[in-house]
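Since the structure is predicted, the reported quantities are computational estimates derived from the model, not experimental observations. In what follows, every chain begins at residue 1, and chains take the letters A, B, ... in the order their sequences are listed.
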Amino acid sequence: DTAVSQTPKYLVTQMGNDKSIKCEQNLGHDTMYWYKQDSKKFLKIMFSYNNKELIINETVPNRFSPKSPDKAHLNLHINSLELGDSAVYFCASSSQTGFEKLFFGSGTQLSVL
Amino acid sequence: AQTVTQSQPEMSVQEAETVTLSCTYDTSESNYYLFWYKQPPSRQMILVIRQEAYKQQNATENRFSVNFQKAAKSFSLKISDSQLGDTAMYFCAFMLYSGAGSYQLTFGKGTKLSVIP
């Protein structure tokens, strides 16, 4: 029973392509996030959504578009992929009530060739 | 803006020994949360320990404990009786409530810990 699941785990693609990463959580959380981990292992928030509404939108190129069809899903679509987009992308979720922490998915390693 | 600094990019420890990882942070807020996350080669982000800023008592989880010094904005992690499975990247993180049910988690750059048999 994976709490936060992302697919695919690995994604290899050519420059200029469009790709999507899917994320689903079965924890009943209201808030979901996307984090990017670069080649130096630095993790930085990209977006957060609460109940399908965008809350945090860090300085991320317009080519990145999150989509939340319902509060259990937050997908990340990336247009016109560039070499610098190569990274590990983590989805996470949190609940405002009770134990405040982020639950992370296992990450998607994106390689742009 | 909040910043988190981990001054030790790499550390090593002999199996069964104790090691302390350092973390300092900067914020003007008074209510926040602090975390240590572990990232083994499997890439999974695993929560090691959590501390609420309003609690003076240092958090402990089995072999893991923290030394939280709020005035000094310091949050170090002590691992006792180190095991080979502790080999991983360790991230210190600061979390603030950013409104509308959302939290902002700011990470340090990580400390790569190697446990030597």
Side-chain angles (χ1 to χ4, degrees), chain A residues 2-6 8-11 23 28-59 66 68 71 74 87-110, chain B residues 1-6 8-11 21 23 25 29 31-55 59 61 66 87-114:
Chain A
T2 306
V4 181
S5 60
Q6 329 177 195
K9 291 192 186 309
Y10 298 93
L11 188 51
C23 180
H29 290 167
D30 291 323
T31 308
M32 296 184 72
Y33 309 79
W34 279 108
Y35 277 80
K36 179 180 178 180
Q37 185 174 40
D38 63 24
S39 58
K40 295 184 179 179
K41 301 289 188 183
F42 185 57
L43 277 146
K44 191 171 181 197
I45 190 167
M46 299 172 71
F47 304 102
S48 79
Y49 267 74
N50 178 267
N51 226 345
K52 303 192 294 176
E53 182 183 344
L54 180 65
I55 305 300
I56 295 174
N57 183 357
E58 290 294 296
T59 309
S68 182
K71 73 174 192 177
L74 180 63
V88 179
Y89 293 86
F90 285 95
C91 179
S93 72
S94 70
S95 171
Q96 192 179 350
T97 56
F99 193 68
E100 291 84 356
K101 65 170 250 189
L102 264 63
F103 293 76
F104 283 87
S106 57
T108 295
Q109 182 155 359
L110 172 64
Chain B
Q2 282 61 235
T3 58
V4 178
T5 303
Q6 293 179 247
Q8 306 146 316
E10 289 193 46
M11 292 190 74
L21 279 56
C23 174
Y25 58 94
E29 303 290 335
N31 291 324
Y32 49 87
Y33 304 88
L34 293 162
F35 301 85
W36 279 96
Y37 277 90
K38 166 185 175 181
Q39 187 179 40
S42 67
R43 204 172 65 206
Q44 182 69 45
M45 293 293 288
I46 301 166
L47 178 65
V48 175
I49 201 163
R50 172 182 179 269
Q51 174 82 42
E52 293 131 322
Y54 60 86
K55 288 189 176 177
E61 285 289 340
V66 297
T87 293
M89 196 78 168
Y90 286 81
F91 292 97
C92 179
F94 172 99
M95 189 166 87
L96 203 57
Y97 182 63
S98 48
S102 181
Y103 292 91
Q104 180 126 5
L105 194 61
T106 303
F107 287 91
K109 293 190 174 181
T111 296
K112 186 176 180 182
L113 177 68
S114 300

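- Of all heavy-atom pairs between Arg43(B) and Lys9(A), the closest is NH2-O, 3.3 Å.
- The closest donor-acceptor contact from the side chain of Tyr33(A) to the backbone of Leu105(B) lies at 3.5 Å or more, if one exists at all.
- Residues Phe42(A) and Lys109(B) share a closest heavy-atom pair of CD1-CG, 4.0 Å.
- Checked options Ser94(A), Ser95(A), Ser48(A); the residue passing with Tyr103(B) is Ser94(A) (criterion: side-chain contact (heavy atoms from CB on, under 4.5 Å)).
- With a 4.5 angstrom heavy-atom cutoff, Gln37(A) touches chain B only via side-chain atoms.
- Using a distance-only test at 3.5 Å, with no hydrogens or angles considered, no donor-acceptor pair links the side chain of Arg50(B) to the main chain of Lys101(A).
- For the pair Leu102(A)/Met95(B), a side-chain contact is recorded, criterion being any heavy-atom separation below 4.5 Å from C-beta on.
- Taking CD of Gln39(B) as the start and CZ of Phe90(A) as the end, the distance is 4.5 Å to the nearest 0.5 Å.
- With a 4.5 angstrom heavy-atom cutoff, Tyr49(A) does not touch chain B via any of its atoms.
- Side-chain atoms of Tyr37(B) and Leu43(A), non-hydrogen and from C-beta on, never get closer than 4.5 Å to each other.
- Annotation: maximal heavy-atom pairing with chain B below 4.5 Å, among Val88(A), Asp30(A), Ile56(A), occurs at Ile56(A).
- Residue with the most contacts toward chain A among Tyr33(B), Phe107(B), Tyr97(B): Phe107(B) (heavy-atom pairs, distance under 4.5 Å).
- In terms of heavy atoms, Gln44(B) sits closest to Gly105(A) at NE2-O, 3.6 Å.
- If you measure heavy-atom distances from Thr108(A) to chain B, the contacts under 4.5 Å come from the backbone alone.
- Within 6.0 Å of the NZ atom in Lys112(B), the count of heavy atoms belonging to other residues, nucleotides or ligands does not exceed 12.
- Within 6.0 Å of CD on Glu58(A) lie more than 12 heavy atoms contributed by other residues, nucleotides or ligands.
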